[in-house]
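To start, the structure itself, in structure tokens.
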Amino acid sequence: MAQFVTEGFHHVTMVSADAQRTLNFYRDLLGLQLVKKTVNFDLPDTYHLYFGDETGSPGSLLTFFEWPHASRGRFGVGGIHHVALGVLDETVQLKWKRRLTDHGVRVGGPYDRGYFCSIYFTDPDGQVLEMATEGPGFAIDEPADALGQELMIPDPGRLPGHRDEAQIAAQTYPETVPEITPDMEIAGIHHVTGHTDDLDQSHQFYTQALGLRLVKKSLNQDDDKTLHYFWANYDGQRILPSSDMTLFGWPPNAARAREGTGQTHHVAFRARDAAEQLTWREHLESLGLHVTDVKDRKYFESIYFRSHDGMLFEIATDGPGFAVDEVPGALGATLSLPEWLEPRRFEIEANLRPLT
Ligand SMILES: [Fe+2]
Ligand SMILES: [Fe+2]
């Protein structure tokens, strides 16, 4: 078992109705690097955009399928509620709040979640995003070497009805933020939060299939009737950044997620290389999960499987990375296609709306 511990998130893939609008939001407003402009390899008449840090390192990647004709999705059991991006501290978070609100994006928070501080907003398709501070971390109410042991009841002052919502809403940065300053750099995926209607089974899944460990049992701080569990790559001392998967526990048979725009399509975790991925595939099958064959995604190799509640997961290799077909420093500059689609480049390009 011990060898099957993911290093954390590789990427999260979401669904957009309009690739240009998504580009404007994630590249121009959030300042992420477009590291690859390509097509959905399984549906080559639509875009697949990859955003991340400068080199597109695992854990920094947000990717988007463009589904121009799809209907709006809905969060629920088996789906993802929100994707949280990491920011340094609360000052930086207020800078982001100011920059976003000045661009007409509604921002909730900053809310003190105890373990970190959070602001919330949605992308143009309605995907819920969060920006969460690095600290203070999960050891504020349990010893760092014994996390996730007991149910932690949040301080009442952090719960609805006790918070000063007007004071929270009024907090912002005193000056406009026309440029993204170096301190505002987004530190990859902080956590990903979904819904399940069976936390016990989810616990089995995350621990056995992905090797994650429960690091916090608490309550949803916006709805304290709902449990909120957090798993991560945790060695008993420290938690690896970009490895924290969390779930809200809804009652049995609660409303299920619906695929569509503004929703997360799947969550990918990391495997170091193809050999580890193959061993992992056997391990997942030994748990009774149906796992796809290895798919060549050009920038990494992928296998896919679903959790008990239908959530789609992927395990993607760290390499070879985004510099296989473009020089570092010019990633995302051209329309990249895998070798097997190159013969159709003219036809594919003619069917896509050019992006600026
Ligand atoms: Fe969150
Ligand atoms: Fe993926």
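The structure displayed is predicted, hence computed values, not measured ones. No hydrogens, no waters, no symmetry mates; every other heavy atom, side chains included, goes into these values. Note that ligands are numbered from 1 as they come in the structure, with each ligand's atoms numbered from 1 the same way.
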Residues which pass side-chain contact (heavy atoms from CB on, under 4.5 Å) with Thr91, listed by chain and number, not counting sequence neighbours
Asp89, Tyr173

Taking a hydrophobic cluster as the set of Ile, Leu, Val, Met, Phe, Trp and Tyr residues connected by side-chain heavy atoms closer than 4.5 Å, whether directly or through intermediates, do Ile315 and Val267 fall within one such cluster?
yes

State, to 0.1 Å, how close Tyr120 and Glu130 come at their nearest heavy-atom pair, and which atoms those are.
CE2-OE1, 3.3 Å

With hydrophobic residues grouped by side-chain heavy-atom distances under 4.5 Å, do Phe138 and Leu199 end up in a single group?
no

Protein N/O/S neighbour count - the Fe ion (ligand 2), strictly under 2.8 Å:
3

Contact check: His82 to the Fe ion (ligand 1), N/O/S below 2.8 Å
yes

Less than 4.0 Å between a side-chain N and a carboxylate O, is that true for Lys216 and Asp244?
no

Identify the residue among Phe9, Tyr206, Phe4 that makes a ring-ring contact (aromatic ring centres under 6.0 Å, His included) with Phe269.
Phe9

Should the ring pair Phe313 and Phe205 be called parallel, tilted or perpendicular, given that the plane angle runs from 0 to 90° and is split at 30 and 60?
tilted

Tell me the angle that OE1 of Glu130 and NE2 of His191 form around the Fe ion (ligand 1), rounded to 10°.
100°

2.8 Å cut-off met by an N, O or S atom of His81 to the Fe ion (ligand 1)
no

